[in-house]
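Notes follow once the structure below has been shown.
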Amino acid sequence: MTVLALAAPRRIIAAAAVLTVALAVFGVPVANHLSPSGFQDPGSESASAAHLLTEHFGRGDVEMVIVVSSPDGVDSPAVRTVARDIVTALDQNPHVAEISSAWSTPVPPDLISTDRTAGLIVAGITGTEAQQQTYAKDISEQVSGERDGVTVRTGGTAMVNVQITEQSQRDLLLMESLAIPLSFLVLVWVFGGLLAAALPVAIGAMAVIGALAVLRVVTFATDVSIFALNLAAAMGLALAIDYTLLLISRYRDELSGGADRTTALSRTMSTAGRTVIFSATTVALSMSVMVLFPMHFLKSFAYAGVATVAFAAAAAVVITPAALVLLGDRIDSLNVARLARRGLRRPAPGP
């Protein structure tokens, strides 16, 4: 990597930028294809019973509950009309299995409120765990709302799964919007220079985007848990900062010891670079063991963990030396610590 970084640093940076953009275009939409479930062992007796009910008795894997309410009561003509329209639409939906309604004959127990102002329609949603979210969301958008004084709301396990996915996406954005700026401020304090501090953040972004692309590929073959996103984001930023900090610190130590830049980079990659690879291999192996568990919730952590570690290590040992060669002395430019010492009229620290 040292020879390649010395020979063509601009090409390495340009190729990495193009690859990152391509992976981002492909991988960022992965959240729409992830599942909030996967906590059940597919070989368990409960899973076998659920499969039996679905295949032989026409029951959906998850239930969607539709609440139809009105102050006039469930027996009013307006409520009956709305409920009948919803049941008809559900009957025509190929992704709905069994339907139970408070307005069917005979009336199933516990589907009407005690004050008789609200009734329930319970529908079983079929399909894979990822497909169920899409089907449930489409049905909810179709039937929810208010018409002729009748209010229709949706809930149940199907809608809980949809809301978990949406909340996880919002939490991920919130976490990154807080973690990245705070991490950058800490890195500015550690490195001193703004450019040196920006490099680990850039490496972390590459690692996370690469992991998202891998997860998108995995969704074509199997279900992936939505919580894999949180793991990829946290590990990507943490490992990228850790690895890049190690490389840059060793590089600076070599320079302060009197080595020229070429020698300093060579020694850095032969020592700290090997440490990064060894560390990444250890973490990846420990994460890969979770693929042996039957629940795809844990399998997803293996996919995300191994992919994130691989991209973080690869980006650190390829991009970092190229950036050090390309930036040269500018790696220490925009030194905030130096500017602060000048403003406070304090002397520079000794070696």
Side-chain angles (χ1 to χ4, degrees), residues 1 16 19-20 22-24 26-44 47 128-130 164-165 168-169 171-172 175-176 179 183 200-247 269-320:
M1 291 303 171
L19 179 61
T20 301
L23 292 176
F26 176 75
V28 169
V30 69
N32 299 324
H33 304 273
L34 301 182
S35 169
S37 49
F39 303 98
Q40 189 179 53
D41 180 358
S44 64
T128 64
E129 291 177 318
I164 288 175
T165 300
S168 295
Q169 296 178 31
D171 290 346
L172 183 65
M175 180 182 72
E176 291 304 302
S183 300
V201 177
I203 299 296
M206 293 178 187
V208 174
I209 290 173
L212 296 184
V214 171
L215 292 178
R216 178 75 185 278
V217 173
V218 176
T219 59
F220 295 148
T222 184
D223 289 330
V224 179
S225 172
I226 186 70
F227 299 104
L229 289 181
N230 304 75
L231 180 68
M235 284 189 64
L237 187 60
L239 290 175
I241 291 175
D242 187 21
Y243 294 158
T244 311
L245 178 62
L246 178 62
L247 292 172
M269 298 310 298
S270 62
T271 53
R274 289 182 180 180
T275 303
V276 168
I277 297 299
F278 182 82
S279 171
T281 303
T282 304
V283 176
L285 288 175
S286 64
M287 295 294 294
S288 65
V289 177
M290 286 191 288
V291 79
L292 300 177
F293 287 92
M295 295 82 76
H296 79 250
F297 169 74
L298 294 177
K299 289 179 181 288
S300 301
F301 281 3
Y303 307 146
V306 173
T308 304
V309 172
F311 274 98
V317 299
V318 174
I319 306 301
T320 303

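This is a predicted model, so every value here is computed, not measured.
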I would like to know whether Val283 and Met235 meet side-chain contact (heavy atoms from CB on, under 4.5 Å); could you show each step before the answer?
-> CA-CA 11 Å; Val283 176; Met235 284 189 64; 4.0 Å; yes

Here the gap from Thr320 atom OG1 to Leu245 atom CG, rounded to the nearest 0.5 Å, amounts to 10.5 Å

Output for pair (Leu239 CG, Ile203 CD1), nearest 0.5 Å, gives 12.5 Å

Output for pair (Leu212 CG, Leu23 CG), nearest 0.5 Å, gives 9.5 Å

Scanning both residues in full, the closest heavy-atom pair of Ser300 with Asp223 reads OG-O, 4.2 Å

Separation between OG1 (Thr275) and CE (Met269), nearest 0.5 Å, reads 10.5 Å

From the list Leu215, Val224, Ile226, side-chain contact (heavy atoms from CB on, under 4.5 Å) with Val30 holds only for Leu215

*asked:* If you count every heavy atom of other residues, nucleotides or ligands that lies below 6.0 Å from Phe293 atom CZ, does the total exceed 12?
replied: no

Heavy-atom closest pair (Ala240 atom, Ala312 atom, distance to 0.1 Å) is N-CB, 4.4 Å

- prompt: Hey, does Lys299 have a side-chain heavy atom less than 4.5 Å from the side chain of Thr222?
  reply: no

Between Ala284 and Val306 the two heavy atoms that sit nearest each other are O-CG2, 3.5 Å

Heavy-atom nearest pair, Thr308 first then Ala211, reads OG1-CB, 3.2 Å

In this structure, CG of Leu237 is separated from CG of Asp242 (nearest 0.5 Å) by 11.0 Å

query = Is any side-chain heavy atom of Ser279 closer than 4.5 Å to a side-chain heavy atom of Tyr243?
reply = yes

Correct closest heavy-atom pair for Val208 and Gly236 would be CG2-CA, 4.0 Å

Between Ala316 and Val276, the two heavy atoms sitting closest are CB-CG1, 4.5 Å

CE (Met290) and CZ (Phe297) are apart, to the nearest 0.5 Å, by 9.0 Å

Min side-chain heavy-atom separation Phe311-Ile209 under 4.5 Å: no

